Structure formats: C-alpha cells, structure tokens
Amino acid sequence: MKRARKIRILKVILIFLLSAATFLIPFESLGLHLSHIEVGAIALFLLAALLWITEPIPIWATSVIVIALSLLCLSNKSFSFFQPEKYDAEAVTLLVADVCGPETEPATTRALTESILNRLNSKTRLTAEEIRLTMTQQTWEAYERAQLDKLAADEAGRSAEAAAAELRAGRLMAAAERLYRPEYALRIREIRITNVMQQKSTMATFADPVIILFLGGFFLAAAATKYRLDINLAKVLLKPFGTQPKYVLLGLMSITALFSMFMSNTATTAMMLAILGPVLALFEPHDRGRIAFALAIPLSANIGGIGTPIGTPPNAIALKAMEEMGLTVSFGKWMSFGVPLVIVLLLLAWLLLVKLFPIERERLELKMRGRFIRTPKAMVVYGTFIVTILLWTTGEFFGLDSNTIAIIPIAVFAATQVITKRDLRNMSWETLWLVAGGFALGLALQDTGLAGNLINAIPFDGWSILLLMVAAGFISVFMATFMSNTATAALLMPIMMTAALQLLESGSISTGSSVALLSAVAVSCSLGMALPISTPPNALAYATGYVPARAMAICGGLISVLALALVIVVMNLLAGISFFG
C-alpha cells in the first residue's frame, strides 16, 4: 500500500515537471508565435491529458485542478505576475499618431490616445475588430466634443477658440475617416492581442446549463432506483423476449441500452449485472454463452449512452461546443439520429456476441421479483418521468430547450421530498465536476487563442469533411480506449470546434456539416470499449470473472471499428441531406 502511494506521488510530481517543461520548448523555431499565456494553456492541456491517462489521482480531481490552475494562472483574476498585457499599447499609440497626422495638435493626439487606451483597458476580451471599433468610436466622440466646444465658444463670442475648435474637429473627422482605409485596417489586424480566461466564465462551468441537464438526469435516475421503477420496467420489457437464450440476450441488451440513455451507464451496468448474477451462475463452465451475457451488459450500456444528450458526458461536451458556435441541437433532434444509431449498433453487437460466443443452454428464464409501487410519491416519480421525457422530445415546439426542461425533475422531486438530503449525498457529483473541468479546459484553449493558433497552423482548407471526420473519429476511439471518454471529449472537442469554425469561415463546410463533425466526435468517444480500463461498465463486467480480457478486446475492438465506420457514413449522409440545417 505504501509503495503504491509512493508511486502515485512520484507520477504526480513527474507529470507536473513535464508540464512545466513546456515553457522550455522553443515554439518560435517551430513557426509558432505564442504568448506565455498560450504556452501556459499548452502546459495545462498536457497536465490534464497525462493525469487523465495515468490516473494517479481520480479523474474528477484532475478536473478540479484544471479549474483551479485556470483561475490562478490563466484568468483575468490570476496572480498579477502571470497576467500579460492585453494588447500592444505602443502599436496602438503609433497608429493613433499616424491617423491623426503631424498637422493635428500634439495635445489633441495625446488626449485621443489616452481615451482609446483607457477604453481598451476596460474591455474583457479583445479582437482586431473590437480595437478598430473602439478607435473609431473614440475618435468620433472626440470630434463631437470639439463641435460642442465650437458651439460654446461661438455663443460666448470667443472667435479664436471657436476657430481652434473647428480646426480640431476637422482634423479629428479626417482621422476617423482614415481608420476605414484598408492600410489602417491591415495595421489594426496586425496588432498583437493576448486574451486570457475570464474568471466568471471559468467559475460558471460548475453551473453551466449542460451541467443542469446532467443533474436533471441524476435526479431521474435516483428516483427510478429508489422507487424500483428501473427493476419493474426491466421485468415488463423483458417479457416479450421469451425464454430462448439468444432472444433473452437481445432483450437484456435493449433494456440496458434504454436505461443508459437516461441513467449513468455505470449505475445501469451495476443494476443489470446484479439482476443477471444468479443466471450467470447457472451456465456450465464450458458454455461460452456465459461470456456473451456478461459482456453484453457493458457493451449495451456504452452504446446506449449515444442515444440522448444526457446519456454520456461526451454528448454534453459536444452540445456545449455547438452552443458556443451559435448552433442548436435539441434533445429530440439528437435522439432522432442517436436512437437509430443505438438500435443498429445493438443489433450489430448482438450478432457478434452470438457468433463469437455460441450459447449452448436451450432455455433461460430471468426471475425478478417486485411490482410497481403505488404510493403518492411513486406516482409523482412516474408522472415526472413521462412529462420530462415528453418535453425533452417535443420541447422545441414550446420554445423550451433541454437544459431548462431538466430543472423540472429537480424542482418536483425536491419539493415533494422524493429526493432527500441523503439521496443528494449519493449522487455522482464527481461526474459533474469532471464535465466542468472539461468545459474549463476548453475555455482555456479557446479564450487564450491557443486553439485558433494551433488550428491555423494546419492547412484544413484542403481537408474534406469526410477526411476530417475519419481522422477525428479514429483519434477519439483510440484515446477513449485507454482513458476516460469524458476526458477524451474534453481534450478533443475544443480543437475540433475551432477547426469547424475555421472551415465555416472559409466557406469549406456548412453549419450542418460542422454539427455532424462535432456529433461524430462525441459518439466516437463512446466507442472506446476494447479494454477493462476503457469504461467503468467494462471494469464492472471484467470484475465478475466471467469475461476474459481477450474476449473483451476482440469483441469490443470489432464493435468499435465497425461502429466508427457506421457513424462516419451516417453523419456524412445526414450532413449531405441538410438534416442538421
């Protein structure tokens, strides 16, 4: 135990040192002109990736570290010695002097320069366009003040002052008009700008609307378990599948996937394995059907999460990226492509399991005791479930989005005491923190401009949407096989979002294609399921002792590859028919 603790501590120290060594890399010689704040974002990215991959500390704890370091080192409220100059003040000063020209009085030029710099210093975020607008606005305001000075001097009969004010106004008008010339616009675009993360937006990741969407799902899952809705639904839904083993297997997979759309896939796997446990013990040791049944549960739980925005964190991270791009995918729209994908992938997984692990047992009957609870609180749970899911699928017709609808079960269950303080303590708050850390990492890459600079260094203009989707998909599956799918999405989504924005601005792809790209990445992150470490459901199934690692690798790997090919084809077809708008 002590040795394991020492190894974990050494890993953490080594990872922090490797991340700090990022500041020693000569990025200039690599053709990348990065500010120290952007290098800090790279160091943060590397730190998060190494901690998420090696897991010397829990992955949710890594997310908290990401948020803490973002606030302390990269935000506008970080340590003062970390905060860079937001823009090149000297370049702005020279530009104002050139625009005003030598004929303008030095005092007028100095006053205008001071007002422009003060206004730029008050901005939280800057772009070249924001600098141009600020300079233009301040120059016109100075012109208007000069006009007012002229009127006041005329009324007082001070002709010399009026003439001076009129001359000043004329020079300022000429300066304002020069700012619209191409040569000055080009100089403004070349001004160095260094943006940092904003404290408020970083802290807001803990209560992002997508986090509330997940929390609503947690409330529904907790209520379903507490009032045995999950067990009773499983019992009812399994009846049509009879007692023939291969069809019972299909029934179990369908129900597991259905629950995973609205519950944690880990909780779903634990519940279904508990139901299946006594049955697995009935199989003969040589019957490979036992492997098929034990392996079916984690595969179905992983696949089922694809079906809804709350099914798995990568979906939520993709929706957040789309929101930042000004794109909207409703709960119902996601389900309209997610659920068919789940159905096809489930059938594919079922056929593979039956083929790879033939079932010798001729009859199988699952015995699940219990009945639907009819207490008032149970009725509240049933009714809230129905209303919430109906609104999630039809909310766009009422002007409601998925995040807002998610507050309904939270409010209803809290007010009726369906969910108590004890239930709250048992919820997966670490998952919410994990997702929030992913959002914060994305903010770091976006707000500092790092993602844009790195993406601009890659000639995406020559890439087709298909090629980009294939590359992103394979990278997503590969990374998710060895690390958390949430961490994979948190690392890749900001980069893919920036690539999509670049292609959108160049006119290379449509908005629908960009939605298809980000959706494909999110789904691909859920397809890494070849190893026991790939997902918690895989680990739970492996822990039963019925699933050899080799069997999981073969079956999970085959499904991952086939599913990725299907996802890429489907997303390209949907983009081609303008399914996403």
Side-chain angles (χ1 to χ4, degrees), residues 22-23 25-44 70 73-102 104-142 171-172 174-199 201 443-457 498 501-502 505:
T22 305
F23 289 93
I25 299 175
F27 289 104
E28 293 285 338
S29 63
L30 300 175
L32 292 172
H33 303 284
L34 305 178
S35 66
H36 78 267
I37 207 75
E38 289 175 303
V39 177
I42 293 177
L44 182 66
S70 298
C73 304
L74 302 179
S75 76
N76 60 325
K77 299 297 182 182
S78 64
F79 288 112
S80 57
F81 47 82
F82 284 137
Q83 293 188 31
E85 294 293 331
K86 289 194 291 187
Y87 61 96
D88 189 343
E90 184 178 352
V92 173
T93 302
L94 288 173
L95 184 58
V96 174
D98 289 348
V99 167
C100 291
T104 304
E105 294 179 356
T108 301
T109 303
R110 283 197 302 272
L112 178 59
T113 302
E114 186 177 349
S115 66
I116 290 173
L117 295 179
N118 287 338
R119 182 59 62 90
L120 290 176
N121 289 334
S122 67
K123 302 284 185 181
T124 55
R125 291 194 55 73
L126 285 176
T127 61
E129 180 62 16
E130 185 67 36
I131 291 177
R132 189 189 68 79
L133 289 173
T134 300
M135 293 181 69
T136 305
Q137 182 183 15
Q138 293 301 304
T139 306
W140 281 116
E141 287 182 5
R171 300 272 169 75
L172 287 168
E177 290 173 347
R178 287 191 194 102
L179 285 169
Y180 292 98
R181 293 181 182 176
E183 60 267 27
Y184 290 107
L186 178 61
R187 286 181 61 183
I188 291 172
R189 284 199 298 270
E190 291 175 347
I191 293 174
R192 177 183 51 78
I193 299 171
T194 303
N195 283 311
V196 296
M197 299 180 69
Q198 300 304 302
Q199 180 201 49
S201 58
L443 275 177
L445 298 182
Q446 293 297 322
D447 284 8
T448 61
L450 173 63
N453 285 335
L454 294 180
I455 291 298
N456 287 332
T498 307
L501 281 171
Q502 185 190 66
E505 290 172 359

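Nothing here was measured: the structure is a model prediction, and the numbers come from that model. Positions are given from 1 along the sequence.
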With heavy-atom distances below 4.5 Å as the criterion, would you say the side chains of [X] and [Y] are in contact?
{"X": "Ile116", "Y": "Leu112", "answer": "yes"}
{"X": "Glu130", "Y": "Ile193", "answer": "no"}
{"X": "Thr93", "Y": "Glu90", "answer": "no"}
{"X": "Thr108", "Y": "Arg171", "answer": "no"}
{"X": "Thr194", "Y": "Glu85", "answer": "no"}
{"X": "Ile25", "Y": "Ile42", "answer": "no"}

Between [X] and [Y], what is the shortest heavy-atom contact and its length?
{"X": "Arg132", "Y": "Tyr180", "value": "NH1-CE2, 3.8 Å"}
{"X": "Leu74", "Y": "Ser78", "value": "N-CB, 4.0 Å"}
{"X": "Gln83", "Y": "Ser75", "value": "CG-O, 4.1 Å"}
{"X": "Ala444", "Y": "Ala41", "value": "O-CB, 4.1 Å"}
{"X": "Val99", "Y": "Ala175", "value": "CG1-O, 3.0 Å"}
{"X": "Leu95", "Y": "Tyr184", "value": "CD1-CD2, 3.6 Å"}

Distance check, rounded to the nearest 0.5 Å: [X] atom [atom1] versus [Y] atom [atom2]?
{"X": "Glu105", "Y": "Leu172", "atom1": "CD", "atom2": "CG", "result": "9.5 Å"}
{"X": "Glu190", "Y": "Ile188", "atom1": "CD", "atom2": "CD1", "result": "10.5 Å"}
{"X": "Leu179", "Y": "Thr136", "atom1": "CG", "atom2": "OG1", "result": "4.5 Å"}
{"X": "Gln138", "Y": "Leu117", "atom1": "CD", "atom2": "CG", "result": "10.0 Å"}
{"X": "Arg187", "Y": "Leu94", "atom1": "CZ", "atom2": "CG", "result": "7.0 Å"}
{"X": "Leu120", "Y": "Thr134", "atom1": "CG", "atom2": "OG1", "result": "5.0 Å"}

What do you reckon, is CD of Glu114 surrounded by more than 12 foreign heavy atoms closer than 6.0 Å?
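No, not enclosed.
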Residues, nucleotides or ligands: over 12 heavy atoms within 6.0 Å of Glu129 CD:
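Yes.
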Mark yes or no for whether His36, through its side chain, and Phe23, through its backbone, hold a donor-acceptor pair below 3.5 Å.
no
Asn76: which of Gln198, Lys86, Gln199 passes side-chain hydrogen bond (donor to acceptor under 3.5 Å, both in side chains):
Gln198
